[in-house]
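Accompanying notes for the structure given below.
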Amino acid sequence: MVPVKKNEVYKIEISGMTHEGQGVGRIDNFTVFVDGPIKGEEVEIKIIEVKKNYAVGKLVKILKASPDRVEPLCKVYNRCGGCSLQHMSYDATLKFKTDLVTENIRRIGGLQGVVVHDTIGMDNPFNYRNKAQFPVGIQRGELVVGFYAKRSHDIVNSHMCLIQHSDCDKAKLIVKRFLEENKISIYDETTGKGLVRHIMTRVGFKTGEMMVVLVINGNTLPKQDLLVKRLTAEMPQIKSIVLNINTANTNVILGSKNIVLFGEENITDYIGNFKFKISPLSFYQVNPVQTELLYNKALEYAGLTGEETVFDLYCGIGTISLFLSQKAKKVYGVEVVEDAIRDAQENAKLNGVDNVEFIVGEAEKIIPDMYDKGIRADVVVVDPPRKGCDGVVLDTLVNMSPERIVYVSCNPATLARDMAFLSERGYEVLEVQPVDMFPWSSHVECVTLMTNVKNK
Ligand SMILES: C[S@@+](CC[C@H](N)C(=O)[O-])C[C@H]1O[C@@H](n2cnc3c(N)ncnc32)[C@H](O)[C@@H]1O
């Protein structure tokens, strides 16, 4: 028997938090999830959804507040789907992330005593993002430009986003004014009609160079010369203005065709000493400050002397490979997306790096192939997508038996699973360093050092 009823109000104590930052409590041992409360708080909630094994509640009143609770700085925090932890102090969010990693390693990985360091936060956890993608729409007859609301495609109008580089908001407002004044047609997701879909902005934190992209459902933008004139006059740091053509009825933001309206199709930026060309479609880490820190940690854990052959699996545009190349004899980067490998090769050339080789394909096919050809790694770095490493990749690594495996992960649950697999097969987990790449969100990135103890 389910002990809760829809629309009834209950008092509960929040005993934990999910990996997404939702509060979790129990009513007669029945689990209830609630957006908003913090672990340790006593709250009044109204049940809004009842399922067989759990219910969802809406926060009505906080009866006993946590000492970690703060007033969110963002005015649209409660509606916007961008941030999820702004009701906690920054230090408390870092502790939440460390605890999440520790708990996953213990519960999913079944590993005791693993050293999990405190999450490395940012000195200034604001304005850290170098890329913004603002959906554009008409709501109640008004032009709105902002972010999607939580679990919906309603647009929350936003004038100032605290986590974006401030130039992104400035450019967005210039474009918004242009769209309003010139009555440019706006895309409607439900009918697939209308022109302007998204405004995307990118900023090179080290170079200051900026790119503005208008994603449109068509091939030209009326009065595009006027827009270029306004943007470049008000923001001389803009080096690239691009129309991205997306005529498909899809949730995917960018189409594959770009038309350059001003400047180049790329801007440049640096991570550490390495220079990168960034086009509208290239993948590039969104928090450049923490990325540098994360990559340096991966390089430190790799413990290279200059003699090693290193694999960088799931290498994207080869950023980690370039960092590793500084201290390795040879680096092989493996990545499934062809365009990313092309970018990686260009980035290596751009930086005069000649001891890296990039291979396109699925790691689970490429790694066994390399193993069969007798290519061995002394150190392997993996940075897989959220689902973690493929079993074939892990099996092959165990057979290859590198001295160290450095595991970069954006999902503590799959990290813990893969760690358990490797630790049963001769790898000891020495330490885990969580890094806060996305302040105020519930995401956490980790770098883990595992060492080969098979023959010791
Ligand atoms: C978390 S990203 C890592 C990117 C890169 N290391 C960086 O720091 O920018 C994961 C990458 O794995 C790639 N990927 C996904 N499945 C793959 C597979 N089966 N084999 C190789 N690469 C894969 C994705 O395209 C993506 O670039």
Side-chain angles (χ1 to χ4, degrees), residues 129-131 202 204-205 252 254 269-272 274-279 281-302 310-326 328 331-348 350-351 353 356-371 377 379-397 405-415 418 433-438 441 443-448:
R129 285 185 62 101
N130 59 13
K131 173 180 159 186
R202 293 186 111 159
F205 269 45
V252 178
L254 295 170
D269 196 24
Y270 290 83
I271 306 178
F274 294 107
K275 188 174 184 177
F276 295 94
K277 269 193 177 176
I278 311 158
S279 77
L281 294 170
S282 359
F283 173 82
Y284 189 67
Q285 292 277 0
V286 297
N287 183 337
V289 173
Q290 295 297 85
T291 298
E292 188 168 339
L293 203 145
L294 182 85
Y295 289 176
N296 277 325
K297 191 45 87 175
L299 181 60
E300 176 196 321
Y301 280 178
V310 186
F311 288 179
D312 175 18
L313 308 186
Y314 310 92
C315 71
I317 59 164
T319 33
I320 295 181
S321 311
L322 291 188
F323 263 65
L324 296 167
S325 75
Q326 301 173 97
V331 182
Y332 291 96
V334 178
E335 161 64 45
V336 75
V337 175
E338 241 179 280
D339 283 350
I341 285 291
R342 214 168 300 131
D343 283 350
Q345 283 160 340
E346 243 189 66
N347 289 329
L350 190 67
N351 289 285
V353 173
V356 296
E357 189 176 319
F358 292 106
I359 305 168
V360 66
E362 292 173 322
E364 54 273 31
K365 299 226 171 81
I366 303 289
I367 296 308
D369 219 42
M370 290 171 82
Y371 183 67
V379 177
V380 174
V381 178
V382 297
D383 182 7
R386 289 190 68 75
K387 67 177 186 198
C389 289
D390 188 279
V392 174
V393 171
L394 294 180
D395 267 334
T396 315
L397 292 187
I405 297 177
V406 179
Y407 196 132
V408 182
S409 162
C410 55
N411 183 349
T414 52
L415 169 68
D418 292 350
Q433 178 60 69
V435 178
D436 193 20
M437 294 282 278
F438 308 103
S441 82
H443 295 284
V444 58
E445 196 95 4
C446 290
V447 198
T448 298

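Both ligands and their constituent atoms are indexed starting at 1 by order of listing.
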Would you list the atom pairs, donor with acceptor, under 3.5 Å between side chains in residues 317-326 and any protein atom, with sequence neighbours excluded?
from, atom 1, to, atom 2, distance (Å)
T319, OG1, Y295, OH, 2.9
S321, OG, D312, OD2, 2.6
S325, OG, L322, O, 2.6
Q326, NE2, F323, O, 2.8

Does ligand 1 have any atom that is closer than 4.0 Å to a heavy atom of [X]?
X    : answer
F283 : yes
C410 : no
G361 : yes
C315 : yes

(message) Would you compute the distance between atom OG1 of T414 and atom CZ of R386 and round it to the nearest 0.5 angstrom?
(response) 7.0 Å
(request) Nearest 0.5 Å please: distance from the CD atom of Q433 over to the OG1 atom of T448. (result) 9.5 Å
(message) Could you check whether atom OH of Y270 has more than 12 heavy atoms from other residues, nucleotides or ligands sitting under 6.0 Å from it?
(response) no
(message) A quick test of your reading: do over 12 heavy atoms of other residues, nucleotides or ligands sit less than 6.0 Å from NZ of K277?
(response) no
Which protein heavy atom lies closest to [atom], and at what distance to 0.1 Å?
atom                    : answer
atom 12 (O) of ligand 1 : Y314 CB, 3.4 Å
atom 15 (C) of ligand 1 : P385 CG, 3.6 Å
atom 7 (C) of ligand 1  : Y295 OH, 3.3 Å
atom 19 (N) of ligand 1 : E364 OE1, 3.0 Å
atom 27 (O) of ligand 1 : E335 OE1, 2.7 Å

(request) Please check if the side chain of N351 supplies one atom and the backbone of V353 the other of a donor-acceptor pair under 3.5 Å. (result) no
(message) Main chain of D436, side chain of Q290: is a donor-acceptor contact present, judged purely on distance under 3.5 Å?
(response) yes
(message) Regarding ligand 1, does A363 bring an N or O atom to under 3.5 Å of one of the ligand's N or O atoms?
(response) yes
(message) Evaluate Q285 for polar contact with ligand 1, using N/O atom pairs at a separation under 3.5 Å.
(response) yes
(message) Please list all pairs meeting side chain to side chain donor-acceptor pair (under 3.5 Å) that have one or both residues in residues 358-368, counting only residues at least two apart or in different chains.
(response) E362-K365
(message) Distance alone, cut at 3.5 Å: any donor-acceptor contact between the side chains of Y284 and N130?
(response) no
(request) Answer yes or no: is there an ion pair linking E338 with R342, defined by an N-O contact shorter than 4.0 Å? (result) yes
(request) Heavy-atom contacts with T319 under 4.0 Å: which atoms of ligand 1 show up? List them by number with element. (result) 7 (C), 8 (O), 9 (O)
(message) Using a 4.0 Å cut-off to any heavy atom of V337, which atoms of ligand 1 qualify?
(response) 25 (O)
(message) Taking 4.0 Å as the limit for heavy-atom contacts, which would you say applies to D383 with ligand 1: side chain only, backbone only, both, or neither?
(response) both
(message) Could you work out, for atom 22 (N) of ligand 1, the closest of V336, V408, V381 by heavy-atom distance?
(response) V336
